[in-house]
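One structure below.
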Amino acid sequence: MVERMERTMPTTAVRDAASSRRFQPGQAVVGRVERVEEMETGERAALVRAGGQLVRARLEAPLAVGRLYLFEIHERQGTIYWKAIPLSEPASAPSGEEAVRRWQKAWKLPDAALPVLRQALKAGAAATKEEIAALTEAVKETGQPDAAEDVLAHLFRRRLPFSSAVFRALWAAKTGGAIAEGLGRLKTALAALSAHPAALELSRTMEKFLSPPLFAYEAAVRLLLSGEEEAETARALLARLGLAPLPEDRRLALREAVQCRRFADIIRQLGLTDEEAFLERWAALDTAYQSGALPAAEAKLWAAARATRDPALSLFCWLRRAAVRLGLEDEAALVRVGKIEDLPSVPSLKRLLLRFLHESGSEGAKRAAEAILDQLDGMAIAAGGDGLIDHVWLSFPLPLGGRSSDFAVCWQGSRKQGGPLDADYNRIVCCLTLEELGEVIVDMRVQRRIVHISIFHDDPRLPVAAARMAPLVKERFQAHGYALSGIDVKATRSAPPPPSVFLFADSCNEVDCQA
């Protein structure tokens with residue numbers, strides 16, 4: 001008997017709710033028939049496994065158990081039908097690559113589609129022929145099909161929209177240089193457009209973003225904790241900053257928070273209602289000091305207040321607001337508020353870049369702005385998602401020393417029921433480039449709130465420094481309900497990939513990763 005190449009079967013039920021939303025008319029998915037069973041009505045049904053999902057389907061024609069099919073999903077008179085095209089011979093199990101080749105042949109696609117089909121098959125993704133074709137063109141544009149396949153795997157695995165725009169954003173995030181460098185190139189291009197209003201606003205924002213006053217919060221704390229002999233001068237400087245002296249109980253609480261380096265508590269004690277206004281006042285006060293416009297007593301105390309060489313508190317505050325400054329939360333905020341007019345008033349870099357692209361006529365500056373926007377979009381996409389396994393990845397300029405480099409961090413783990421990230425089980429990989437040490441990678445693993453930190457660098461001084469800092473780190477973790485099992489320094493060659501690559505690695509299962 002010659003076996004028919006095409007059969008149809010209406011879908012009548014699915015094993016879980018996700019499947020009913022996942023498979024839609026116009027899509028196609030590769031699945032294997034796992035079991036054929038009799039229904040109470042006497043009809044026969046099949047259980048088809050497609051990417052980890054089991055779909056129960058009523059059969060109009062027999063399908064072979066264990067055989068792989070390409071199912072094209074159609075709707076006819078209100079009924080969903082799966083049109084089955086065999087991808088294997090009877091009593092044979094094709095390799096993944098063979099099934100990909102047969103899928104390619106069935107849809108008459110070019111060889112450039114093979115990486116796309118390969119990852120779609122692996123993830124059990126339900127995609128349309130048009131989506132596969134668009135992704136194929138996007139992969140061809142990269143000129144690096146092997147590297148692009150990692151991004152495709154992430155896209156299909158996370159069930160992100162199968163669009164070329166999403167792929168390009170993820171690709172830019174993975175392969176783009178440091179955002180600090182991109183901002184530097186854009187700053188250079190904007191210098192020739194200084195008369196353009198959008199360029200001027202963007203330049204000012206970038207200057208503020210790339211050169212924040214690193215000792216602003218430290219100076220404010222120093223003034224608030226000034227002694228009695230400095231009280232009157234400190235009060236005058238605090239007024240310039242929009243602050244007032246603290247009552248004694250809050251002074252004591254602030255002093256204790258400073259001694260214990262509880263940065264969040266310090267900020268609460270400062271009571272800043274408008275941090276942007278505070279930073280602007282700080283910059284104005286510092287400019288007055290630099291120009292010699294302050295009275296002698298105020299200038300002397302201000303010089304002492306800003307003389308600290310430990311900007312940890314200011315960096316903490318800067319990092320806490322970095323995602324908002326970049327605009328990585330703009331889309332989520334727009335979903336919440338419903339319209340752009342209701343977004344937070346502080347302009348984000350992303351919104352200013354979009355405005356600049358709309359209003360500017362400089363092609364060089366536009367290309368530089370678009371490159372940064374693509375990276376920001378890629379990070380925003382990578383930070384979303386809703387599966388059991390989840391990643392959050394951020395990379396942004398960090399002003400340390402005489403130049404600005406990127407601080408990159410990738411969080412990996414799972415979400416608790418209801419959406420919150422599980423803080424008891426996760427892994428965080430950070431990458432930071434310092435002026436003296438160069439690139440440093442830190443790998444922190446958390447299991448049952450027990451933390452182990454590995455630092456990857458070849459400098460022989462680091463083990464001694466890590467041992468000296470371990471008691472303080474242990475104390476800070478304990479304050480948040482965590483236990484530190486240890487800090488070790490390892491050779492650079494054994495480091496995990498940097499966050500931009502780590503995010504797309506397919507060797508991880510929740511927080512346990514293969515070496």
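Nothing here was measured: the structure is a model prediction, and the numbers come from that model. Here, residue 1 is the first one in the sequence, and each next residue gets the next number.
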F407: partners by ring pair (Phe, Tyr, Trp, His ring centres under 6.0 Å), with sequence neighbours left out
F396

Between [X] and [Y], does at least one N-O distance fall below 4.0 Å, as a salt bridge requires?
X    : Y    : value
R355 : E201 : yes
R493 : D458 : no
K140 : E137 : yes
K122 : E149 : no

Are side-chain heavy atoms of [X] and [Y] found at a separation under 4.5 Å?
X    : Y    : value
R325 : L349 : no
L155 : Q119 : no
L432 : E439 : no
L160 : L170 : yes
I487 : H452 : no

With distance as the sole criterion, is a donor-acceptor pair present between the side chains of [X] and [Y] under 3.5 Å?
X    : Y    : answer
Q104 : D111 : yes
W302 : D286 : yes
S454 : D443 : no
E131 : S163 : no

Is the side chain of [X] donor-acceptor paired with the backbone N or O of [Y] at a distance under 3.5 Å, no angle test?
X    : Y    : value
Q269 : I266 : no
S485 : I450 : no
S494 : K490 : no
S314 : P311 : no
Q375 : G177 : yes
N426 : D422 : yes
H457 : I441 : no
D310 : A312 : yes

Passing candidate, ring-ring contact (aromatic ring centres under 6.0 Å, His included) with Y217, options F278, W318, F316:
F278

Measure centre to centre between the rings of F162 and F167, then say whether the value is under 6.0 Å.
no

Would you sort out whether K350 and L373 count as a side chain to side chain contact (heavy atoms under 4.5 Å, CB included), showing the intermediate values?
CA-CA 7 Å; K350 189 170 186 179; L373 276 172; 3.6 Å; yes

Within this structure, what is the CZ-OH distance for the pair R448 and Y425, rounded to the nearest 0.5 Å?
4.5 Å

For P496 and V429 the tightest heavy-atom approach is CG-CG1, 4.2 Å

With a cut-off of 6.0 Å (strictly less than), are more than 12 heavy atoms of other residues, nucleotides or ligands near CZ of R204?
no

Scan the side chains in residues 463-484 for donor-acceptor partners under 3.5 Å anywhere in the protein, sequence neighbours excluded, and list what turns up.
from: Y482; atom 1: OH; to: A423; atom 2: O; distance (Å): 2.9

Apply side chain to side chain contact (heavy atoms under 4.5 Å, CB included) to residues D488 and I453 and explain how you reach the verdict.
CA-CA 7 Å; D488 53 42; I453 300 174; over 6 Å; no

Apply side chain to side chain contact (heavy atoms under 4.5 Å, CB included) to the pair V442 and V440, showing each step before the final yes or no.
CA-CA 7 Å; V442 180; V440 180; 4.3 Å; yes

